[in-house]
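Working notes, structure below.
All ligand and atom numbering here is 1-based and tracks the order in the structure.
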Amino acid sequence: MAPYWANRSCDPFGARDEACVKGTYLQYAVQVESVSDITRTVQFAGSRNLRLVIRNTGHDYFGKSTGAGAIGLWMHKMNGFDAIDFNSSYYNGKAVRVAAGALSADTTAKAHQHGLAIVGGNCPSVGLAGGYTQGGGLGPLTSRYGLAADQVLEWNVVTVNGTLVKATPEQNTQLYWALSGGGGGTFGVVVSMTVKAYPEERTASANLTFSSAGVPAQTFFDILETFHSCLPTLSKAGGTAIYNIQQTGFALIPATLPGQGKDSLDSMLDPVITKLKSFNITYVYASIEANTYFDAYEKMNPPSETSYFQIGGRVLPQHALNDNYGQLMQSLKDILDYGAGIGGLSYHVPESGDGRFNNSVNPRLRSGALSLTIGTVWDDINWTLDIANQELMTEVLIPAVDRLDPTQRTSYLNEADFREQQWQEVFYGESYRKLLHVKQMYDFQNLLWGRTAVGSETWLERNDGKLCRSF
Ligand SMILES: Cc1cc2nc3c(=O)[nH]c(=O)nc-3n(C[C@H](O)[C@H](O)[C@H](O)COP(=O)(O)OP(=O)(O)OC[C@H]3O[C@@H](n4cnc5c(N)ncnc54)[C@H](O)[C@@H]3O)c2cc1C
């Protein structure tokens, strides 16, 4: 998913006579089929001073699911699923238990067969119990039920000393707190996870596309400004909008409004349609009201291709957008002018029942309103251009967004610039200090390492990708 981290080792786009080396890839991987596969691998790696990497789907944009010289735990084949009634002092109700390798869309489909919905990603192929939920987890149901990490009732985890433990709000509470939002691949090896599930309900969904061909830039951004000013109403009503902006046009794919009808969604997006009509611009708008969230997701989410972008991202709070949409448009324009693309996800995390979330999600992600992802297209042949695009991301494109909220730079730790200098503050916010404490409690030798993961300061990465102790 993130070709840069393969460092052109055995690159099919390279010259035919280039040596095929493992390079930055894992040296060996254990195809995990049982808990004992994990405990034995963890103990083996620990006793031999081997770098240990947990790999699920390989979606990670930071190269955290591979590593030079490492032995990998490949979780993909562990894909069990159970719909259960969960009874505890902190939650009584429907729940879903998934094994570590379960994919978001597969779990959504299986839950649907039980009349249930779960908080999955927009992307069907992210690993539900892996980096997605452990890193926070944004998706079409975020404004309705909260972040994916907010849904977790319990984790089953193998710690680096090879012990299987349960982490819940009542048991191993610090580990539970850290795993729910503090990022994947660093606190222990998750074997399975149990999350809240909700009764399926009618869901409205809409797609909108229009091209920028022949449209003056001012008009294009005028329409986009109207679109963005509709989003707070949608988010507050429990909806999300997921969209892409390119130099060539705009695609809303899709807006989702669970629990409400098509008329409500149509009226929330009506100002954009009215504006398109007033400028006589051709557009395609389709909206539906499905009986279930699953049906809406299936019908309105176009197939997702593998990622071929180098990305960076920022999360903006609503107060940075209020009365400031003109500045947002200027920032988006500056980014598009460099040929980069922009992805947006608008959301509003609802308050929990008791007003508190006992997890480590960056509080500024929780209070965010818009997650922007910027992508430069990966070039398979031109490595120099790819490196130049990384610098462009850090030095030009991300700062263009920072003009909106210079004092509180925040990124969603799963969708951010891997070159971020102040990643502890920007990715984890005020949770970082306590997260580091939990890391030291559960992995004081720092056997598990990932770039920008909690505790990763203890190792330095050499040019060949191998690690040296930094202190
Ligand atoms: C195409 C694409 C679309 C995406 N769409 C969304 C989206 O809609 N919403 C969203 O919130 N994010 C999205 N993301 C970001 C995604 O959530 C992260 O990349 C996430 O880290 C993926 O987790 P994974 O387990 O699938 O991937 P992996 O790359 O396999 O793992 C990611 C991290 O989690 C760790 N990890 C994996 N399994 C375990 C385990 N069992 N125990 C402990 N640690 C583990 C790994 O070591 C690594 O550090 C998307 C990414 C891509 C590439």
Side-chain angles (χ1 to χ4, degrees), residues 1-3 5 26 29 32 35 38 42 51-67 70 72-79 98-105 107-108 119-142 147-149 155-160 167 175 178-179 181-193 240 242 253 256 297 301 303-311 313 315 343-345 347 361 365 371 373 375 378 411-416 418 442-443 448-454 456:
M1 288 291 182
W5 302 109
L26 300 170
V32 175
V35 171
I38 302 172
V42 166
R51 181 176 180 179
L52 178 66
V53 168
I54 311 164
R55 184 180 184 83
N56 189 17
T57 66
H59 277 55
D60 189 85
Y61 286 111
F62 301 78
K64 286 188 289 185
S65 42
T66 192
L73 283 163
W74 189 43
M75 309 306 292
H76 179 67
K77 301 278 172 175
M78 292 192 94
N79 56 11
V98 289
L103 300 185
S104 175
T107 311
T108 300
V119 176
N122 187 51
C123 169
S125 54
V126 292
L128 197 72
Y132 167 74
T133 296
Q134 291 178 51
L138 292 170
L141 293 179
T142 300
L147 298 159
W155 301 97
N156 283 308
V157 194
V158 174
T159 59
V160 296
L175 185 57
L179 283 168
T186 195
F187 299 106
V189 186
V190 168
V191 179
S192 67
M193 164 186 93
T240 54
I242 293 170
I253 45 165
T256 306
Y297 179 83
N301 267 52
S304 172
E305 302 296 334
T306 52
S307 165
Y308 235 51
F309 295 95
Q310 299 196 97
I311 67 148
V315 171
L345 192 155
Y347 66 97
V361 167
L365 174 68
S371 171
T373 309
W378 174 258
S411 294
Y412 171 33
L413 66 87
N414 275 335
E415 296 183 325
F418 78 91
Y442 282 92
D443 182 18
L448 290 167
W449 184 87
R451 195 171 295 99
T452 72
V454 172
S456 54

Work out whether the distance between some heavy atom of G139 and some atom of ligand 1 is less than 4.0 Å.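 Contact check G139 vs ligand 1: negative.
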Contact check, G188 vs ligand 1, heavy-atom distance below 4.0 Å: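 True for this residue.
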For [atom], which of [options] has the closest heavy atom?
atom: atom 5 (N) of ligand 1; options: C123, S65, A148; value: C123
atom: atom 28 (P) of ligand 1; options: G131, G130, G58; value: G58
atom: atom 14 (N) of ligand 1; options: E415, H59, K64; value: E415
atom: atom 41 (N) of ligand 1; options: L345, V190, L413; value: V190

Starting from the C-alpha separation in whole Å, work towards a yes-or-no answer on side chain to side chain contact (heavy atoms under 4.5 Å, CB included) for L128 and L103. CA-CA 5 Å; L128 197 72; L103 300 185; over 6 Å; no
Decide whether an N or O pair under 3.5 Å exists between A129 and ligand 1.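 There is no such contact.
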Do any N/O atoms on T57 end up under 3.5 angstrom from N/O atoms on ligand 1?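 So ligand 1 has an N or O lying under 3.5 Å from an N or O of T57.
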Relative to the heavy atoms of [X], which atoms of ligand 1 are at a distance of less than 4.0 Å?
X: G127; value: 24 (P), 26 (O)
X: G121; value: 8 (O)
X: Y61; value: 2 (C), 51 (C), 52 (C), 53 (C)
X: L138; value: 7 (C), 8 (O), 9 (N), 10 (C), 11 (O)
X: N122; value: 7 (C), 8 (O)
X: G137; value: 11 (O)
X: A100; value: 41 (N)

Within the structure provided, determine whether [X] and [Y] are in side-chain contact (heavy-atom separation under 4.5 Å).
X: L73; Y: L52; answer: yes
X: Y347; Y: V315; answer: yes
X: I38; Y: M75; answer: yes
X: P140; Y: I242; answer: yes
X: Q134; Y: W155; answer: yes
X: S65; Y: W5; answer: no

Quick check: does any side chain N or O of D60 sit under 3.5 Å from a backbone N or O of G131, one acting as donor and the other as acceptor?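 Between the backbone of G131 and the side chain of D60 there is no qualifying donor-acceptor contact (under 3.5 Å).
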Treating S104 as the side-chain partner and G121 as the backbone partner, does any N or O pair qualify as donor plus acceptor under 3.5 Å?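 Yes, because the side chain of S104 sits within donor-acceptor range (under 3.5 Å) of the backbone of G121.
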One residue to check: Y412. Relative to ligand 1, which of side chain, backbone, both or neither has a non-hydrogen atom less than 4.0 Å away?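 Near ligand 1, Y412 shows its side chain, while the N, CA, C and O stay back.
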Set of residues satisfying salt bridge (Lys or Arg N to Asp or Glu O under 4.0 Å) with respect to R51, sequence neighbours excluded: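 By the salt bridge (Lys or Arg N to Asp or Glu O under 4.0 Å) rule, R51 matches no residue at all.
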